[in-house]
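This report concerns only the one structure given below.
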Amino acid sequence: GAVVSQHPSWVICKSGTSVKIECRSLDFQATTMFWYRQFPKQSLMLMATSNEGSKATYEQGVEKDKFLINHASLTLSTLTVTSAHPEDSSFYICSHVNDDRVWNSPLHFGNGTRLTVT
Amino acid sequence: GQSLEQPSEVTAVEGAIVQINCTYQTSGFYGLSWYQQHDGGAPTFLSYNALDGLEETGRFSSFLSRSDSYGYLLLQELQMKDSASYFCAVRDPDTDKLIFGTGTRLQVFP
């Protein structure tokens with residue numbers, strides 16, 4: 001199955017700084033990647049859909065200027081949390097489908113990034 | 001839009017059988033998936049039901065009733081390592097986005 005590498009696994013930053021999270025597809029050329037956010041003991045909430053070579057599609061309520069997504073190649077998507085605040089502290093996870101030739105192919109997830117903003 | 005409801009928590013003992021329910025309301029439906037997530041880890045795919053009935057994969061089975069907008073995940077011969085959160089999910093047919101249910105935290109006790 002597909003392997004998704006996400007880095008860093010955890011990061012602590014000061015309020016007002018920016019943090020970049022990388023998501024790499026190691027054995028699959030992913031034209032589309034999905035970024036989720038998960039608060040403690042809650043479900044995974046889709047933030048945005050990252051499209052290779054084009055602009056990301058953001059879910060309602062997600063600030064596109066705050067959560068910058070870049071998908072410059074078929075193997076790399078990045079999420080930058082700009083001007084981070086304590087309320088942005090969360091678990092961020094990227095994913096892509098296992099096989100885009102198969103409808104409803106399962107998602108493969110990175111191991112997530114635990115962001116703590118102090 | 002899509003909404004999927006699950007019980008927030010279920011507890012059971014080792015060796016027991018537990019059922020985790022999922023009721024959904026969706027605009028368009030093309031199947032129900034289940035994912036497992038251990039604390040601090042990535043969700044992993046467990047099963048998928050496109051049609052009504054029971055799908056069995058080892059100790060885990062998943063059931064779907066499209067007429068009732070309902071499905072469940074059945075875990076048999078519970079082991080301590082099954083303690084995790086379980087999410088049902090549906091794929092939005094127009095956008096390919098995967099929408100997750102509210103999640104059920106399963107705690108298995110010795």
Side-chain angles (χ1 to χ4, degrees), chain A residues 1-7 9-10 21 23-26 30-51 56-62 90-116, chain B residues 1-10 20 22 24 26 28-51 55 57 60 62 64 66 71 83-107:
Chain A
V3 178
V4 183
S5 175
Q6 188 172 339
H7 178 81
S9 55
W10 61 270
I21 302 170
C23 179
R24 294 184 182 274
S25 174
L26 299 185
T31 55
T32 302
M33 289 189 180
F34 302 97
W35 286 93
Y36 288 85
R37 178 169 55 183
Q38 186 178 34
F39 292 106
K41 297 186 178 181
Q42 293 190 22
S43 187
L44 296 99
M45 300 302 296
L46 182 65
M47 298 177 65
T49 302
S50 167
N51 303 296
T57 305
Y58 291 82
E59 294 301 299
Q60 191 173 6
V62 178
S90 188
F91 192 54
Y92 294 86
I93 320 175
C94 66
S95 67
H96 68 70
V97 295
N98 185 36
D99 185 343
D100 60 5
R101 297 166 300 175
V102 178
W103 198 89
N104 214 32
S105 175
L107 288 188
H108 280 256
F109 288 84
N111 285 326
T113 298
R114 175 78 56 194
L115 170 64
T116 302
Chain B
Q2 330 280 7
S3 72
L4 302 94
E5 295 293 327
Q6 302 176 236
S8 58
E9 190 167 350
V10 174
I20 298 174
C22 173
Y24 58 86
T26 60
F29 178 78
Y30 293 89
L32 188 71
S33 299
W34 288 91
Y35 286 77
Q36 177 193 60
Q37 184 185 29
H38 287 97
D39 285 347
T44 56
F45 173 77
L46 291 177
S47 68
Y48 168 65
N49 293 69
L51 302 175
E55 293 282 342
T57 309
F60 294 2
S62 55
L64 176 65
R66 289 174 296 171
S83 293
S85 292
Y86 293 84
F87 297 92
C88 57
V90 295
R91 183 72 57 85
D92 185 305
D94 295 325
T95 64
D96 211 29
K97 297 182 293 188
L98 192 65
I99 309 300
F100 286 87
T102 52
T104 300
R105 186 174 181 84
L106 169 64
Q107 293 191 67

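Protein chains get the first letters and strands the later ones, always in sequence-line order, with residue 1 at the start of each.
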Within 6.0 Å of NE2 in A/H7, more than 12 heavy atoms from elsewhere: no

Distance in Å, A/L107 CG paired with B/T44 OG1, rounded so as to fall on 0.5 Å steps: 12.0 Å

Interchain contact, B/S85 with chain A, by part (heavy-atom threshold 4.5 Å): neither

Closest heavy-atom pair and its distance - A/G110, B/A42: O-CB, 3.0 Å

Chain A contacts, top residue of B/K97, B/Q6, B/R105 (heavy-atom pairs, under 4.5 Å): B/K97

A/I93 side, atom CD1; B/Q37 side, atom CD - distance, nearest 0.5 Å: 5.0 Å

Any side-chain heavy-atom pair of B/Y48 and A/P106 under 4.5 Å: no

N/O donor-acceptor pair under 3.5 Å between A/S43 side chain and B/G103 backbone: no

Straight-line distance of B/F100 CZ to A/Q38 CD, nearest 0.5 Å: 9.0 Å

Distance in Å, B/Y35 OH paired with A/F109 CZ, rounded so as to fall on 0.5 Å steps: 5.5 Å

Side chain proximity check, A/F34 to B/L98, heavy atoms < 4.5 angstrom: no

